[in-house]
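Heads up, the thing below is written out as structure tokens.
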Amino acid sequence: MRCGDFKTSYAADMTIFESGTARVMLGLFFCLLFTLPLYVPGYLLDIVNRIGIAIIGAIGLNILTGFTGQISLGNAAFMAIGAFSCGYMGTKFGLPFYICIPMAGIITAFFGMFVGIPSLRIKGLYLAMATLAAHFIVEFLVVKWESVTGGVAGLSIPAPKIGSFSFDSDAKLFFLIFVLAIMSVLFAKNLFRTKVGKAFVAIRDQAISAEVMGVNLLKYKLFSFGISSFYVGVAGALIAYQAKIISPETFPVTVAIDYLGMIIIGGLGSILGSIYGAIFITLLPELLRMATSALAGSFPELVNKLAATKELVFGLLVIIFLIFEPSGMAARWHSIKNYWKLYPFSH
Amino acid sequence: MVQLSCSDIHLSFGGVRALSGVSFEVNQGEIFAIIGPNGAGKSSMLNCISGLYNPQVGKVMFEGQEVTRLPSYERTKRGMARSFQNIALFKGMSVIDNLMIGRHLHQHAGILTGGLYYGQARAEEIKHREYVEEIIEFLEIQSIRKAIVGTLAYGFQKRVELARALALEPKLLLLDEPMAGMNHEETEDMVRFILETNQVRGITIIMIEHDMGVVMDISNTVCVLDFGKKIAGGTPDEVQQDPHVIKAYLGEEDPEGP
Ligand SMILES: Nc1ncnc2c1ncn2[C@@H]1O[C@H](COP(=O)(O)OP(=O)(O)OP(=O)(O)O)[C@@H](O)[C@H]1O
Ligand SMILES: [Mg+2]
């Protein structure tokens, strides 16, 4: 029987995965995860891949909004920048994906830092407005700057290749996406147990005392914009490879709102929450579609009405979580886990 | 040796004159108390020293260098630390992490080493965790080290705020009403911690406090503010005898009045 956690050194107290059981569970989970392409059909794998990309993007947004407290509606624009810079480097210069993806991240990071400059002066809703403005500027540029983006016709992206091996199917892309997703999770986890990540949280909780404690606010806010946008840019690059063709319509402002929904429902300021949110919000329209087609036989007149339910359900869920569980699904999970840790003697 | 000197500080907010021409000097290693009625300008004075407010006129010198226009994180780098009248902790973080922010300036890991938890970043986290644990022991808050600060009782929060300031390893500590709102026992503990901070760690302390008993007991020098002006200064005994102080504290009975 487990009866609590006892540690004998600070190093042990500071590990990411708290117990041996957690490590074993995690090992099993990885075995299951990386054999998914063996038994999951292609069309479902496409959804799984989109979940993997959403995890990277949601962690990125959570770093900025959930951990540093800077609201951003520029997420879709940052994603577009990642996707188009990746696509441009791949098609125009023939660069391989293992250069294009990190470069897309870096380019997006610089753009994100530029957009973040006003954050020293403006906060909350005003910052949301400024980032929204950035979104529309990028959208405009994507349409007009045809020589780079292909304009409204879009840009078609060749499959990523390493040597003669080509990631040309969902099953192959799966590995690329999930290796990057796992790296993203680990990097973020580590970031928040060291200096830079803690400074982000301090800025969120009490900006003035963070400054008095020696945190350079502008520098660290820009770091946060940079790291966050790097993640989002990488997610954008992966979307480009997965979608194979990208156009201005691939990144509408509703994508930014979906991502905000992910981190609100999953849990602001929680890495695990970003994962839950990414899974949930990606699955939501699929589940609704399945429900609709199941009902189509018996109630054909309902189908048209149900088609519009995605936005409604999404909106309601966000409101419900904001009111009843502001710390998101991650907090729910945490309390359930703590209960079982001491079972049957918890009180 | 003079560690901090403020000369002719003037500060106003629009029409409100919070400070008009305040000057004083604080010696290395002493406990310096600032007292005065509500709204006298005590917190404003502390904010001018720590860099949250910029006085329109006047000069703040710290360890021989002018710091009047420096941002507050620069002053922290040079050895100042402070607590706030209305607790300003990082409410969503644990006690340990609040104190680890105090080690921010002593740590050097960047984004990459931190994100990989590799080399310097890892060694540094463990080393500074040890320092933080030493302060946790000093202030007797072991039992709450993992608690999220926002969930703690008021008295504990005040103590954690002192701990966080000490984690900076400051040379000068500014405390804005460290005992306000505490019961008798908590006040006694706090007095003990402040004295030990001063005597064992050799940290100079500037403290705003309303509890006259405490002020007269532990401070070396007292500065009295009223309506933004310094009306008296000196040892606790001198200040207690001062007619201006008696007048300010006992109200408006003007001795030369009708
Ligand atoms: N940020 C500010 N904006 C406008 N006025 C301010 C500001 N800070 C202080 N003041 C004004 O300056 C004067 C001095 O305030 P201060 O907070 O320094 O007083 P205090 O001596 O600390 O009082 P207390 O004992 O109530 O804490 C008050 O009239 C206050 O209203
Ligand atoms: Mg005050």
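So you know, we letter chains A, B, ... as the sequences are listed, proteins then strands, and number each from 1. Every value quoted in this text rests on a predicted model; they were computed, and no experiment measured them. Values reported hereafter were calculated over all heavy atoms of this structure, with side chains retained and with hydrogens, waters and symmetry mates removed.
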Check this for me: [X], atom [atom1], are more than 12 non-hydrogen atoms of other residues, nucleotides or ligands nearer than 6.0 Å?
X        : atom1 : value
B:Arg145 : CZ    : yes
B:Lys59  : NZ    : no
A:Phe175 : CZ    : yes
A:Ile99  : CD1   : yes
B:Phe24  : CZ    : yes
B:Arg129 : CZ    : yes

Sort [X] into side chain, backbone, both or neither according to what part of it lies under 4.5 angstrom from a heavy atom of chain B.
X        : result
A:Ala210 : both
A:Ile227 : side chain
A:Tyr220 : side chain

- Please determine, among A:Val201, A:Val212, A:Val196, A:Leu217, the option with the most heavy-atom pairs under 4.5 Å with chain B.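 Between A:Val201, A:Val212, A:Val196, A:Leu217, the count favours A:Val212.
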- Message: Check whether B:Thr76 reaches the backbone of A:Met213 with its side chain - one donor and one acceptor, N or O, closer than 3.5 Å.
- Response: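 No; zero donor-acceptor contacts below 3.5 Å.
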Can you tell me which portion of [X] sits under 4.5 Å from chain A's heavy atoms? Options are side chain, backbone, both or neither.
X        : result
B:Ala88  : both
B:Leu52  : side chain
B:Ile111 : both
B:Glu130 : both
B:Met100 : side chain
B:Arg103 : neither

Shortest non-hydrogen contact from [X] toward [Y]:
X        : Y        : value
A:Lys195 : B:Gln107 : NZ-O, 2.7 Å
A:Glu211 : B:Pro71  : OE2-CB, 4.3 Å
A:Ala199 : B:His104 : CB-CE1, 3.7 Å
B:Ile101 : A:Ala202 : CD1-CB, 3.7 Å
B:Phe90  : A:Ser209 : CE2-OG, 3.6 Å
A:Thr194 : B:Ala121 : CG2-CB, 4.3 Å

- Message: Does B:Leu116 form a side-chain contact (heavy atoms from CB on, under 4.5 Å) with A:Phe187? I'd like the steps, not just the answer.
- Response: CA-CA 6 Å; B:Leu116 301 173; A:Phe187 191 90; 4.1 Å; yes
- side-chain contact (heavy atoms from CB on, under 4.5 Å) between B:Glu125 and A:Lys198, worked out: CA-CA 12 Å; B:Glu125 278 308 303; A:Lys198 282 175 191 167; 3.2 Å; yes
- Query: Roughly how far apart are B:Phe84 CZ and A:Gln206 CD, rounded to 0.5 Å?
  - Reply: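 Spacing of CZ (B:Phe84) from CD (A:Gln206) equals 7.0 Å.
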- To the nearest 0.5 Å, what is the distance between CG (A:Leu186) and OH (B:Tyr117)?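 Spacing of CG (A:Leu186) from OH (B:Tyr117) equals 13.5 Å.
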- Looking at B:Ile96, B:Leu105, B:Asn98, which one has more heavy-atom pairs under 4.5 Å with chain A than the rest?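 Ranked by contacts with chain A, first place is B:Leu105.
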